[in-house]
Amino acid sequence: MKKSQKHDANLQKNSTLYFQVGLILCLLATYAALEMSFKTSKDFAYVIPEEDNTIYEVDPEIYKIVKKENLEKKKEVAKPKSKNPDFEIVDDKKEIEEAEDKIIDVVVPDDKKVILTPDDSSLNIEQPDEEPVNIMAVQKVPIFPGCEGETTNDGRRQCLSEKLSKLVQRKFDIDVASNLGITGKQRIYVSFKINKLGEVEIIKTKANHKDLEKEANRVVGKIPTMQPGKNNNNPVEVSYMLPIQFNIQ
């Protein structure tokens, strides 16, 4: 019994030893195989690329979309004719004939020359219309009837203003504004000129209602003829602004 127990113990130790030896041999074989595979493999080098901060300008390609042209002939579409502006048709032949009729034949002896002076009545030169001179800039202010005693321009302007104010107070019909239902302060501005004959011609009237403008024009039309304003002792047209103000409560 003792022999068999020793024999079993030896077998157990031997089997453990054989197992460890076999394991070591397997590990050595595996290691050798791995070494051989690494020797046959190629060497690889890992390179880290350098950072490139260069800015490159790239031109994008331009693509054009081209529609396929229809090979069939396109029908011509008649374009609508633009509306012609109104023109006045002039008979050139007639105008030429009229111009020829106005030509005056002047027969001059061979030994004399024609001399025309500016005072010659045969010269018909039309002078361009002059702009009216402002009442504050004219050399001699127009004289309103009743202001003949004023000898200075300031006195004539003051007298003219007072006469016009009294005329408006007497002639302007306030009922026109009342009938329109207008209340409060109202202002009307009448721009007129005193022509070279001393007569008043209205240039423009501005008010909040057409009826008030008509009434203001009616009153201004009653201004009497004055002595015209003058520049260099020659009659000139003079412009004047007349403000009309009233209050309806």
Side-chain angles (χ1 to χ4, degrees), residues 82-91 94-95 98 121 124-249:
S82 59
K83 188 177 179 181
N84 294 328
D86 295 330
F87 291 99
E88 184 179 357
I89 300 174
V90 180
D91 189 354
K94 183 178 179 181
E95 285 193 354
E98 291 178 355
S121 60
N124 186 14
I125 302 174
E126 295 183 357
Q127 298 293 335
D129 294 335
E130 298 177 356
E131 291 292 330
V133 183
N134 189 275
I135 189 73
M136 302 300 295
V138 67
Q139 292 179 358
K140 186 177 180 181
V141 175
I143 301 175
F144 195 93
C147 300
E148 292 83 1
E150 301 292 340
T151 57
T152 64
N153 283 335
D154 289 339
R156 290 168 182 170
R157 276 190 290 263
Q158 182 66 27
C159 184
L160 172 62
S161 177
E162 292 175 356
K163 295 288 185 180
L164 290 177
S165 178
K166 292 179 181 179
L167 176 68
V168 171
Q169 290 176 3
R170 292 197 312 269
K171 301 295 183 179
F172 194 89
D173 188 3
I174 302 295
D175 292 337
V176 174
S178 300
N179 295 335
L180 294 172
I182 298 174
T183 58
K185 287 185 179 181
Q186 301 297 320
R187 292 182 179 87
I188 307 172
Y189 298 95
V190 183
S191 175
F192 62 86
K193 68 179 180 180
I194 304 164
N195 62 22
K196 295 179 181 181
L197 300 177
E199 300 170 346
V200 172
E201 297 180 9
I202 297 174
I203 299 174
K204 186 177 181 180
T205 305
K206 184 177 181 181
N208 293 331
H209 201 281
K210 292 293 183 182
D211 289 348
L212 294 178
E213 292 180 359
K214 291 180 180 179
E215 179 61 18
N217 290 341
R218 185 188 69 82
V219 174
V220 172
K222 295 185 175 295
I223 297 175
T225 303
M226 314 179 204
Q227 294 183 24
K230 292 182 179 181
N231 273 350
N232 298 324
N233 291 326
N234 294 319
V236 293
E237 294 183 339
V238 180
S239 62
Y240 190 91
M241 174 65 73
L242 175 65
I244 301 175
Q245 180 175 324
F246 54 91
N247 188 13
I248 300 177
Q249 298 179 352

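Quick note: residue numbers are just sequence positions, from 1. Just so it is clear, the model here is predicted, and its values are computed rather than measured.
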Discussion item. If you compare all heavy atoms of Pro228 against all heavy atoms of Gly198, which two are closest, and at what distance to 0.1 Å?
Written reply: CB-N, 3.9 Å
Fill in: Polar side-chain atom of Arg218 near backbone of Lys171 as donor-acceptor pair, under 3.5 Å
yes
Worksheet item: Rounded to the nearest 0.5 Å, how far apart are CD of Gln169 and CD1 of Ile244?
Response: 11.0 Å
Discussion item. Has Arg157 got a side-chain atom pairing as donor or acceptor with Val141's backbone, closer than 3.5 angstrom?
Written reply: no
Worksheet, complete the sentence: Rounded to the nearest 0.5 angstrom, the OG-CD distance for Ser191 and Glu201 is 12.0 Å
Worksheet item: Within a reach of under 6.0 Å around CG of Asn247, are more than 12 heavy atoms found that belong to other residues, nucleotides or ligands?
Response: yes
Discussion item. If the condition is side-chain contact (heavy atoms from CB on, under 4.5 Å), which residues does Asn179 pass it with, not counting sequence neighbours?
Written reply: Asp175
Practice prompt. Supply the atom-to-atom distance Leu180 CG to Asp211 CG, rounded to the nearest 0.5 angstrom.
Written response: 5.0 Å
Item to complete: Kindly determine whether Leu160 and Met226 satisfy side chain to side chain contact (heavy atoms under 4.5 Å, CB included), including the steps that lead there.
Response: CA-CA 10 Å; Leu160 172 62; Met226 314 179 204; 4.0 Å; yes
Worksheet item: Got Leu167 and Lys163 here, is their nearest side-chain heavy-atom distance under 4.5 Å?
Response: no
Worksheet entry | Heavy-atom pair of closest approach, residues Pro142 and Arg156 | O-CB, 4.4 Å
Discussion item. Under the rule for side-chain contact (heavy atoms from CB on, under 4.5 Å), what residues qualify as partners of Glu237, not counting sequence neighbours?
Written reply: Pro132, Lys193, Asn195, Lys196
Worksheet item: Taking all atoms of both residues into account, what is the closest heavy-atom pair of Ala177 and Phe246, and its distance?
Response: CB-CE1, 3.9 Å
Practice prompt. Considering non-hydrogen atoms only, spot the tightest contact between Glu150 and Cys159 and give its length.
Written response: CG-CB, 4.1 Å
Practice prompt. Rounded to the nearest 0.5 Å, what's the gap from OG1 on Thr183 to CD on Gln249? Could you check?
Written response: 9.5 Å
Worksheet item: Would a 4.5 Å heavy-atom cut-off, applied to side chains only, mark Val168 and Leu242 as touching?
Response: yes
Worksheet item: Considering the options Phe144, Tyr189, Phe192, which one meets the ring-ring contact (aromatic ring centres under 6.0 Å, His included) requirement together with Tyr240?
Response: Phe192
Item to complete: Report yes or no: does Glu148 contribute a side-chain atom to a donor-acceptor pair with the main-chain N or O of Pro145 at less than 3.5 Å?
Response: no
Fill in: Minimum heavy-atom distance between Gln139 and Asn153, given as atom pair plus value
O-ND2, 2.8 Å
Worksheet item: What heavy-atom pair brings Asn134 and Ser239 nearest, and what distance separates the two atoms?
Response: CA-OG, 3.4 Å
Discussion item. How long is the straight-line distance from CD of Glu215 back to OG1 of Thr205, given to the nearest 0.5 Å?
Written reply: 11.5 Å
Discussion item. For Val190 and Val219: C-alpha separation, side-chain torsions, deciding distance, then whether side chain to side chain contact (heavy atoms under 4.5 Å, CB included) applies.
Written reply: CA-CA 10 Å; Val190 183; Val219 174; over 6 Å; no
Worksheet entry | Interatomic spacing from NZ in Lys230 to CD1 in Ile143 - rounded to 0.5 Å | 8.5 Å
